[in-house]
Amino acid sequence: MSAEVGQFALILALLLALVQSVAPLWGAWRGDGVLMAVGRAAARLQAGFVILAFGCLAYGYVTCDFSVALVAEHSNTSQPLPYRFAATWGSHEGSMLLWVLILAIYGAGVAVFGRTLRETLQARVLGIQGLIGTAFLSFLIFTSNPFLRLDPAPLEGQELNPLLQDPGLVFHPPTLYLGYVGFSMAFCFAVAALIEGRVDAAWARWVRPWVLAAWIPLTAGITMGSAWAYYELGWGGWWFWDPVENASLMPWLLGTALLHSAMVLERRGALVSWTILLAILTFSLSLVGTFLVRSGILTSVHAFAVDPKRGVYVLGIIGVTTGLSLALYAWRAPAIRSGALFQPLSREGGITLNNVFLAALCATVFLGTFSPVFIEMFNGDKISVGPPYYARTFAPLAVPLLALAVFGPMLNWKRDTVRSAFRRLRVPAAIAGVVVVAALILAGVKFVVTAFGLGLAAWLGAGAATILGRRWWTGRAYLLRAVRTTPRALFGLTFAHAGLGLVVLGITGVTAWHSDKVLSMQPGDTVAFAGRTLTLSALETVQGPNYEARQARFTVKGKGAPYTLSSERRFYPSAQSQTTEAGIHVRPWGNLYVSVGEESASGIVVRLWNHPLIVWIWLGGMTMAFGGAVSLSDRRLRLGAAVKPAVLAQPVAAE
Amino acid sequence: MRRLLFIAPILAFAVLIGVFFAGLHRDPTLLPSMMIGKRVPTFDLAAVRPGDQGLRTGDLGGEPVLLNYYASWCVACRAEHPMLMRLRAEGVPIHGVDWKDEPEAGNKWLIDRGDPYLRVGNDRSGRTGIDMGVSGVPETFIIDKQGRVRYRHVGAITEEDWSQKIGPLMQRLKAES
């Protein structure tokens, strides 16, 4: 029963999405308040029906309703409840339903909280949003219907890919999608602005929280994905330049650029058409992210739906949305009043430079990901781009960007001088210098790159602290008040930039000092590794809820108290597949990573890795996301909080 | 002139979308190889395993074998590797080519993960890859008794690929004279 309810709910949602795309756009064109109100109502109702549909599918999974084909394919009675629930979005159809769900909720958000917006702008945003909703709901219903029945229903379902049965999966795709879909809001605002033919401060004030709201989960999602790959795929790497990883990195890079350029637009009214272009491209790349996974163009270990037919549909959606919006851009953007001019050496100038670097980084990843497709197109050769390409192109662009990230927040808006900018950076420069010299003395000249990596981390960390430090130092007479009146956005900025420093620290540490060892061990054997001794204390077969595992337990003696680590190879009978669960001892100064392999007469193959400082990569990523969240909670950004509707009703806000 | 700046994005995008559409209809997993039915081009590859003899064209043939291209930097190869180990355990003969890779890295791969190959050669420049029309790693060719390429499989070999395509073909080739 629930599947049919879900099916009807989806069809109703599609019809409502059609209403939502036509009524408000028409209403805004004719100045018809009733039609615009219909658009708002349609957005709210559509969200209700999509939530109902998603609930029906989740109910089917949780109750093991194997008469639903999708449930039978990805769920199993022996699968623990959280994974049965997470399996809802573990399949292609389910993940697209999740995509549509988030889209619909965001749309309802604009309808409900957008009262402070100019009515025609809100209506146009909702209309564009409705068009995207229509495209994806029809994609879902016509090419990947999640509610198809299976007759006769099997007694037992097949299993979700065991690699995906992990706490990481429960959170990873939804957060990533929150980010991807979140950028659709910036896109809708950009297109609406192009239709309206004007961009004002109110527009920018609305766009920035949406961009931030997309950027936070995307940052967290990428970080979680990296951590998931680290512990679940069992080979101890943290980034693989896999097409699917790149697909999430590209919108992140452009989204970060958008986040900064929207700030310039809001504060200074400059970079108008550039910000609009970024908003369009960021969302297009989010769609490309979806497309990459769902088509046969690039194959990857992460892809769970390789199907060219669906690819054509998604490619059609990308082609139409991006093509039309870019055409609109070419036609309308030149007419939009471009903002104030500014000096090269100013906060605006710094952010422009940041945008140039981020766009270049994004282009690098884009070329690396797609050049195999292009080269094949032109001369029939098929080539592969491996990590060496990224080491040669990505790093030389990323390092100057990171070094410059400290300057930006130190510069004044409008204009500044080199000398005063440098004076403000004396302290972080001194700290970074001390770190470089100390590292060179302690580690030796051979580690010159490492020393500069650590210096860069210190520069970023100290530079971020200086943002708050300078403000509080100026107001030190009333320190408590100075701290209390510091805007949250400034704390957010500090956390986000300091997080970058932590990421650099982690990358430097693990790149320079990681070590590994592979050997065969019998129970009772002891091995010395990276300043520790490991003893294989037990090797036995254990029974899990839906798997059988060969578990190896190790006793590790190091500098601190001894501890045990266990690693196992799991065999999932219903999926007929095997996974490796690594044993990881996580500490701030480094991880010990143990993973077991095949067994033979000479013992079990044991792989040991020492990953110094690696955990800071993920802590840094999470710190950045946290910084974004702190910034989002700033009163100034809270939707409409400090803004009177009367001011917003003016056509162009005076700057 | 300024106008051109605003038109550039849509032009660039038009080119991209054209390429994507064209690329979509070339299903990489079904790409027929120009090599099907032809003899394996002559090559003589250096050893990956220290002290080993590498891989030469002459090593192929006699019995049907799999010729598997891998690289230590390749993510999908990691996913494929347990399958190769299983096939090896079942007695399927597999030769390996360590493609666009340092021989040390290729050897470390075999030590770390297990060695499924009878013979394995290093193709650092990717030369044999060009001759064979390799699109990327992992990729596997089925070579018959006469040393001719009979089938090309792009991407990791899955359980399904083996049971439905590659395994049956190997059986048929074994029966050929």
Side-chain angles (χ1 to χ4, degrees), chain A residues 163 229 233-235 237 240-242 245 273 277 280-281 284 288 291 295-302 306 308 311-312 315-316 318-319 322-323 325-334 370 372-374 376-378 380-388 516 518 576-578 597-598 605 607, chain B residues 2-31 34 69 71-82 85-86 89 99-101 108 111-114 126 129-130 133-139 154-156 158-159:
Chain A
L163 264 185
L233 296 183
W235 62 79
F240 304 100
W241 298 111
D242 177 278
E245 285 174 326
S273 51
L277 182 62
I280 294 174
L281 292 182
S284 302
V288 168
F291 168 58
S295 76
I297 274 204
L298 293 163
T299 41
S300 144
V301 271
H302 287 67
V306 174
V312 170
L315 191 54
I318 299 177
T322 314
S325 53
L326 285 179
L328 200 61
Y329 178 81
W331 175 40
R332 302 280 290 185
F370 290 102
V373 183
F374 290 120
E376 190 210 343
M377 222 35 70
F378 294 123
D381 266 355
K382 283 198 154 201
I383 62 137
S384 268
V385 173
D516 63 333
V518 183
Q576 280 292 312
S577 71
Q578 214 167 27
E598 293 81 24
V605 174
R607 305 191 179 97
Chain B
R2 208 173 91 84
R3 186 102 207 171
L4 213 62
L5 222 59
F6 290 94
I7 298 174
I10 180 79
L11 292 182
F13 178 73
V15 172
L16 263 181
I17 206 85
V19 172
F20 281 168
F21 257 112
L24 203 61
H25 296 291
R26 306 186 169 199
D27 184 350
T29 55
L30 289 179
L31 259 189
M34 301 179 306
Y69 277 75
S72 66
W73 46 263
C74 157
V75 178
C77 303
R78 296 174 202 259
E80 182 185 45
H81 197 268
M85 292 304 288
R86 208 198 85 191
W99 189 64
K100 287 194 181 176
D101 201 8
K108 190 164 176 304
I111 295 170
D112 286 0
R113 283 163 223 286
I130 294 172
V134 169
S135 65
V137 275
E139 202 165 301
V154 177
T158 61
E159 176 65 48

Using non-hydrogen atoms and a 4.5 Å limit, figure out which bit of Leu277(A) sits close to chain B: side chain, backbone, both or neither. side chain

Arg113(B) versus Arg607(A), closest heavy-atom pair with distance: CA-NH2, 3.2 Å

Closest contact, heavy atoms only, Leu326(A) versus Phe13(B): CD1-CB, 3.6 Å

Sort out for me which of Ile7(B), Ile10(B), Ile111(B) touches chain A most, counting heavy-atom pairs under 4.5 Å. Ile10(B)

N/O donor-acceptor pair under 3.5 Å between Arg3(B) side chain and Pro334(A) backbone: no

